[in-house]
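Structure, as structure tokens:
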There are 2 protein chains.
Amino acid sequence: MTSPQNASDLPESGPEGARRRTGGRSARIRAQVAEAVGTLLVEAGYDALTVDAVAERAGVHRTTVYRRWRDVGGLLADVLDAAADDGWRPADTGSLEGDLTALNQEVYEALRPGGTDTTDGSGSGSGSGSGGNLTTALIAASFRSAQAAGALTRFWEGRYARSAPVADRAVDRGELQPGLDARALLVTATAPLYQELLLLRSAPDPELPRRAARAACAAARAGVFH
Amino acid sequence: MTSPQNASDLPESGPEGARRRTGGRSARIRAQVAEAVGTLLVEAGYDALTVDAVAERAGVHRTTVYRRWRDVGGLLADVLDAAADDGWRPADTGSLEGDLTALNQEVYEALRPGGTDTTDGSGSGSGSGSGGNLTTALIAASFRSAQAAGALTRFWEGRYARSAPVADRAVDRGELQPGLDARALLVTATAPLYQELLLLRSAPDPELPRRAARAACAAARAGVFH
């Protein structure tokens, strides 16, 4: 369960990229624009995000940006859709607790202030207590743009769906009974990280990823998600 | 664990109110201003929230608002601090699962679109998928204002602290072993509601409050919070 932290490292194999792969120019522009969106968002927040500013930062003609992305909502949605469209798979550690802890560790790194961040690290946030990382900035933007909100939901639901094998493997190993709701298990495992780091803005606790994983395991073993 | 949904129903017994209770005029102004902040926030979002707009809506002289609250951050922080400063206590249902379900039910009502809302219900949100209720609007505002973010953290931490008796009672009844981290239990119980309704913007599932409570109970019984 990574968060959308890799906006500047966009795949060129998405539908758009595949269609226009010939020269790679279109994919390159998409990556440049996505990186500009991420950098501006982290450095100065949603209010600084205009099509013109993105075009200038990306070194792409503004007409190109308007034509292809139309507005800020379109830009944010594309960054999130592109981030979702990667090769991410959950780690296979050999145990349910290990797999959920690995997922949570990725969420933790994406959410903690100064955590994994594909910008150059100079972003100082915009005084909103956002911690200055891209994941938090994108989540904050989802409260400003319905298009970004929809894309963020697609991103997360895609991550939860791709993480379903974590539950399947636990069933195969005999750790869990068949027939459980994998999504409910995964939401339960990851939710405390968003609650602590994003909403409560708590000081990062390195024990949190494993504790939240253990809590979800215990609930799953008790049959709560069946 | 209620959410800050009662901004228009401010207590007059806060430090400010107590100090100036004599005529009640100061407390009345505070309540009028808080109601105006909530209504504007739900109806039109953070961008519509200016000291002048709040003063006009509240029918209070703008100089009074500037002098007492200074800016939008001060207004938001006061709404949240006033909401925190009520007589709220967690329900005592006789079981850990019952108590946590009751807490979660309050969070659920506060977060679900069209849920408990002290405005007149005419608010339509600002196109950000916020669902148009005050709790969501205040959380969204916390990504815009460091003062609001700090006040929201204080509000929630106050709620978690006041909910600690839920864990104590479970220990007294012999449901749980002594020595557990009550806050970790409470965060685990409530987090899936924020994750689903606020962040994932899922369709409200009436089973969610109880399922999240049962998950946290199972984890507590397994010793995860010890």
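Note that these values count all heavy atoms, side chains included, but never hydrogens, waters or copies made by symmetry. Values in this document were obtained by computation on a predicted structure and should not be read as measured data. Residue numbering restarts at 1 for every chain, and letters A, B, ... go by the order of the sequence lines.
Note that the CG atom of A:L186 and the CD atom of B:Q195 stand 11.0 Å from one another [nearest 0.5 Å]. With values rounded to the nearest 0.5 angstrom, A:L198 atom CG is found 12.5 Å from B:Y194 atom OH.
For residues 219-226 of chain B, the interface with chain A (any heavy-atom pair closer than 4.5 Å) comprises B:A219, B:A222, B:G223, B:V224, B:F225, sorted by residue number.
In B:R173, the CZ atom is crowded: over 12 heavy atoms of neighbouring residues, nucleotides or ligands sit closer than 6.0 Å. The neighbour count for A:E157 CD, taken as heavy atoms of other residues, nucleotides or ligands under 6.0 Å away, is above 12.
Comparing A:L199, A:T188, A:L208, A:L185 by heavy-atom pairs within less than 4.5 Å of chain B, the highest count is held by A:L199. Considering only heavy-atom pairs separated by less than 4.5 Å from chain B, the leading option among A:T153, A:L200, A:V187 is A:L200.
Judged purely by distance below 3.5 Å, without hydrogens or angles, the side chains of A:R201 and B:S142 pair a donor atom with an acceptor atom.
Neither the backbone nor the side chain of B:D205 comes within contact range of chain A, judged by heavy atoms closer than 4.5 Å. Within the 4.5 angstrom heavy-atom criterion, no atom of A:R154 approaches chain B. Neither the backbone nor the side chain of B:R210 comes within contact range of chain A; no heavy atoms are under 4.5 Å apart.
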